[in-house]
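In what follows, a single structure is set out as structure tokens and then discussed.
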Amino acid sequence: MLDIRHIRDTPDTVKSRLALRGDGLASVVDDVLAADTERRANETRWQHLQAERKRLSKEIGALRAQKQDSSALEEESKKIGAEMESLQQASVVAETRQRDLLLSLPNLPHEEIPPGADASANPVLRTWGTPPEIKDPQDHMTIGARLGLFDPERAAKISGSGFMCYTGSGARLERVLIQFLLDLHTRDHGYTEMSPPFLVNRATMTGTGQLPKFEEDLFGISHSDLFLIPTAEVPVTNFHRDEILPEASLPLRYAAYTPCFRREAGSTGRETKGLIRMHQFDKVELVKITAPGNSAAELESLTADAERVLQLLGLPYRVIELCAGDLGFGACRTYDIEVWAPGQNGWLEVSSCSNFGDFQARRMALRYKGTDGKNHLCHTLNGSGTALARLYVALLENGQQPDGSVHLPEILHPYFGAARLGPA
RNA sequence: GGAUGGGUGGCAGAGUGGUCGAAUGCGCACGCUUGGAAAGCGUGUGUGCCGCAAGGCACCGAGGGUUCGAAUCCCUCCCCAUCCGCCA
């Protein structure tokens, strides 16, 4: 959520920054300002009347205590009450409208990020590693089927398309990757491990920005007003919703493994092959809560922590920066990490690391008490560390051998208990 | 799911219709006192909104109602505790 004061004070600046994301947002800003003006006018008038009524009520109380007639004052107070009633109704309408509009506005892109309308304008910041030379590389689905690592047909039978069931050593590899990632981030990178609920309420989804605008992307639970989380970002960031943290406790760094559930409405036919886009996938997520002055540096180290996953696994990757037009709803700056996938002959996004500034913090009233004694909004960040299904794709496709087996990166050997995946 | 008891400031805990934004205690901050400390004494100590400011207004789990006036009475909902049922 954007700061209404900022919009009020410099509406043209806000409009021009929002225009970087696309057209049509300037009129929303005007609507917000109109609702804000109306709301404040009603509120101010209401407050004056309330002060007057409080005074009258005290007089009435005093008169009654002395057994004197107070009916004239009571009449007057009643009249004031009637006007207050209509003012309040108008004020609530304006306030609701203002809030709804504010909740629908995306974050302002950071000043330093590249302009551009879509993904084609995203610059590549750096590339790591060299894609392996593989003759006639196979797709991960082919490899998985041959080695018996998962069973897409039966997964579709029990749940539908877009779900996967890992089997045997394939299931073991999935579990092992979770363990490896959590160990890395908690032991080496200083994150605190969290294991949050996978179902959350509406307020939580609103806090991180999934609601009210993107309900169609979520799986909801009938008769309960709960939603399946699309990422651990949601429960973990909201862990501190409505709190005022001591400044000395910042930054907070959390790592959490959860499954992620996404409707992926409207994405059928796009990257739907195999494990790449699923309704349910596993992910280890990194979340940070910082003071405003540190969030830029924390985004760099967060991205480095995610990159380290691929470095340790020896998987070639590149880091791109999202241009203003490609930025997610709540983010002000985002780096995507893409791993090389020989079977796709292309790059696969395995991590998206974003700084949200105070956008989420304002929605969820997440603040810290500064050394100046005042309360300030925190900054929030998160990034995948990393998505498991696509990492799995990369491991199979980069590790495939001419003999049909898959060599695993050395660092996984003690976790997995073997150096390779062979025929079942 | 059923029954009962509860949700008040950082914590504990008063308050059942008017001067209560809220006693008291603890904690915390500052000051006095002291060679230093403890004790003691004094002062202060929530959040948000409106306003250039002075200041005003709101908030006692949430929302609605009754009333001239609600922390206090009524209704609905949420949450917590305990017991029962059920269950991993």
Side-chain angles (χ1 to χ4, degrees), chain A residues 1-10 32-103 195-207 211-212 220-227 235 238-250 259 358 360-378:
Chain A
M1 191 157 69
L2 300 180
D3 183 2
I4 182 60
R5 289 206 191 86
H6 187 205
I7 297 177
R8 215 185 274 155
D9 295 344
T10 57
V32 168
L33 285 169
D36 182 53
T37 303
E38 190 188 338
R39 192 202 96 238
R40 284 187 296 154
N42 289 331
E43 226 164 67
T44 305
R45 171 80 183 139
W46 184 89
Q47 286 184 2
H48 284 140
L49 293 175
Q50 170 74 336
E52 177 67 11
R53 186 169 72 170
K54 276 172 79 171
R55 227 196 58 235
L56 287 173
S57 286
K58 281 187 183 174
E59 277 187 50
I60 291 167
L63 284 174
R64 287 199 175 183
Q66 297 165 37
K67 303 251 191 277
Q68 292 181 19
D69 177 46
S70 60
S71 55
L73 294 183
E74 284 177 33
E75 268 311 304
E76 201 182 334
S77 178
K78 217 166 184 171
K79 269 185 212 156
I80 291 174
E83 191 185 345
M84 285 173 67
E85 178 66 25
S86 64
L87 274 173
Q88 207 220 344
Q89 278 174 19
S91 181
V92 165
V93 169
E95 186 180 349
T96 304
R97 176 163 172 72
Q98 178 180 337
R99 181 171 170 79
D100 289 349
L101 290 167
L102 279 175
L103 285 174
S195 183
F198 305 158
L199 291 174
V200 299
N201 58 33
R202 207 165 267 280
T204 298
M205 282 294 188
T206 306
L211 291 180
I221 306 296
S222 305
H223 315 304
S224 74
D225 221 28
L226 291 171
F227 298 87
N238 276 278
F239 188 70
H240 294 291
R241 173 156 50 87
D242 288 319
E243 291 187 20
I244 301 172
L245 305 164
E247 184 166 9
S249 71
L250 303 178
D358 60 17
Q360 294 180 327
R362 185 172 292 106
R363 285 173 164 249
M364 65 174 82
L366 168 54
R367 293 162 290 174
Y368 69 94
K369 190 170 284 293
T371 44
D372 58 0
K374 292 182 180 164
N375 299 326
H376 307 277
L377 290 169
C378 299

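Chain naming here is simple, since letters A, B, ... match the order of the sequence lines and numbering starts at 1 in each.
When the P atom is compared between A23(B) and U43(B), the two are found 15 Å apart, to the nearest whole Å. The gap from the P atom of U76(B) to that of A3(B) amounts to 13 Å, rounded to the nearest Å. Across the C1' atoms, G65(B) and A70(B) are found 11 Å apart, a figure rounded to whole Å. Look at the P atom in both G61(B) and C11(B): the space between them is 13 Å, to the nearest Å. Comparing the P positions of U8(B) and A62(B) gives an interatomic distance of 10 Å, to the nearest angstrom. Rounded to whole Å, the separation between the C1' atoms of A29(B) and U67(B) comes to 43 Å. For the P atoms, the distance linking U47(B) with A37(B) amounts to 30 Å, nearest Å. G9(B) and C60(B) have their C1' atoms separated by 9 Å, given to the nearest Å.
Searching all strands for a Watson-Crick or G-U wobble partner of A37(B) with both distances below 3.5 Å returns nothing. Searching all strands for a Watson-Crick or G-U wobble partner of A54(B) with both distances below 3.5 Å returns nothing. With both pairing distances under 3.5 Å, U76(B) is matched to A62(B) as a Watson-Crick or G-U wobble pair. With a cut-off of 3.5 Å on both pairing distances, G17(B) has no Watson-Crick or G-U wobble partner at all. The pairing partner recorded for G85(B) is none, the criterion being a Watson-Crick or G-U wobble arrangement whose two distances lie under 3.5 angstrom. Summarising the base pairing, G27(B) is matched to U45(B) through a Watson-Crick or G-U wobble pair whose two defining distances lie under 3.5 Å. Of the nucleotides present, none pairs with G69(B) by Watson-Crick or G-U wobble criteria with both distances under 3.5 Å.
Of all non-hydrogen atoms in Lys374(A) and His376(A), the two that sit nearest each other are O-CD2, 3.4 Å. Nearest heavy-atom pair, Gly81(A) versus Arg53(A), reported as atom, atom and distance to 0.1 Å: CA-NH1, 3.9 Å. Across all non-hydrogen atoms, the minimal contact from Tyr368(A) to Ile244(A) is C-CG2, 4.0 Å.
Nucleic acid contact class of Arg8(A) (heavy atoms, under 4.0 Å, all strands): sugar-phosphate only. Residue-level contact check: Arg64(A) touches the bases, meaning some heavy atom is under 4.0 Å from a base atom. Among the atoms of the strands shown, only primed sugar atoms or phosphate atoms (P, OP1, OP2) are found under 4.0 Å from some heavy atom of Arg39(A). Backbone-only contact: Lys369(A) has heavy atoms under 4.0 Å from sugar-phosphate atoms and none from a base. Residue-level contact check: Arg367(A) touches the backbone only, with heavy atoms under 4.0 Å from sugar-phosphate atoms and none from bases.
Nearest nucleotide to the Ser77(A) side chain, out of C57(B), C68(B), C49(B): C68(B). Checked against C50(B), A58(B), G18(B), the side chain of Ile60(A) finds its nearest nucleotide in G18(B). For Gln47(A), the listed nucleotide lying nearest its side chain is C49(B); candidates were A58(B), G18(B), C49(B). Nearest to the side-chain atoms of Gln50(A) among the listed nucleotides U19(B), C57(B), U47(B) stands C57(B).
A distance of 7.5 Å separates CG of Leu366(A) from CD of Glu243(A), quoted to the nearest 0.5 Å.
Side-chain contact check for Glu76(A) versus Glu52(A): some heavy-atom pair is nearer than 4.5 Å.
Side-chain contact, Arg363(A) with Gln360(A): no donor N or O sits under 3.5 Å from an acceptor N or O.
For C68(B), one of the phosphate oxygens OP1 or OP2 lies less than 4.0 angstrom from a side-chain nitrogen or oxygen of Lys78(A). The phosphate of C57(B) has neither OP1 nor OP2 within less than 4.0 Å of any side-chain N or O from Arg53(A). Contact between the side-chain N/O atoms of Lys54(A) and the OP1/OP2 oxygens of A58(B) is found at a separation under 4.0 Å. Between Arg40(A) and G51(B), a side-chain N or O to OP1/OP2 separation shorter than 4.0 Å is present.
Spacing between atom CG of Leu245(A) and atom P of U47(B) amounts to 14 Å, rounded to whole angstrom units. Distance CD1 (Ile4(A)) to P (C50(B)): 9 Å, rounded to an integer number of Å. Whole-Å rounding puts the Leu226(A) CG to C78(B) P distance at 12 Å. Note: CG (Asn375(A)) to C1' (G10(B)) measures 13 Å, nearest angstrom. A straight line from CD of Glu52(A) to P of G56(B) spans 14 Å, rounded to a whole angstrom. In this entry the distance linking NZ of Lys374(A) with P of G48(B) reads 11 Å, nearest Å. The interatomic distance linking His48(A) (NE2) with A54(B) (P) rounds to 15 Å, in whole Å. Spacing between atom CD1 of Ile80(A) and atom C1' of C68(B) amounts to 10 Å, rounded to whole angstrom units.
The backbone N or O of Val200(A) lies less than 3.5 Å from no partner atom in the side chain of Thr204(A), so there is not a single donor-acceptor pair.
Checking Asp36(A) against Glu85(A), the closest nucleotide of RNA chain B that is more toward the 5' end is the one next to Asp36(A).
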TODO: Test side-chain hydrogen bond (donor to acceptor under 3.5 Å, both in side chains) on Gln47(A) and Glu43(A) and set out the steps.
DONE: CA-CA 6 Å; Gln47(A) 286 184 2; Glu43(A) 226 164 67; 4.8 Å; no
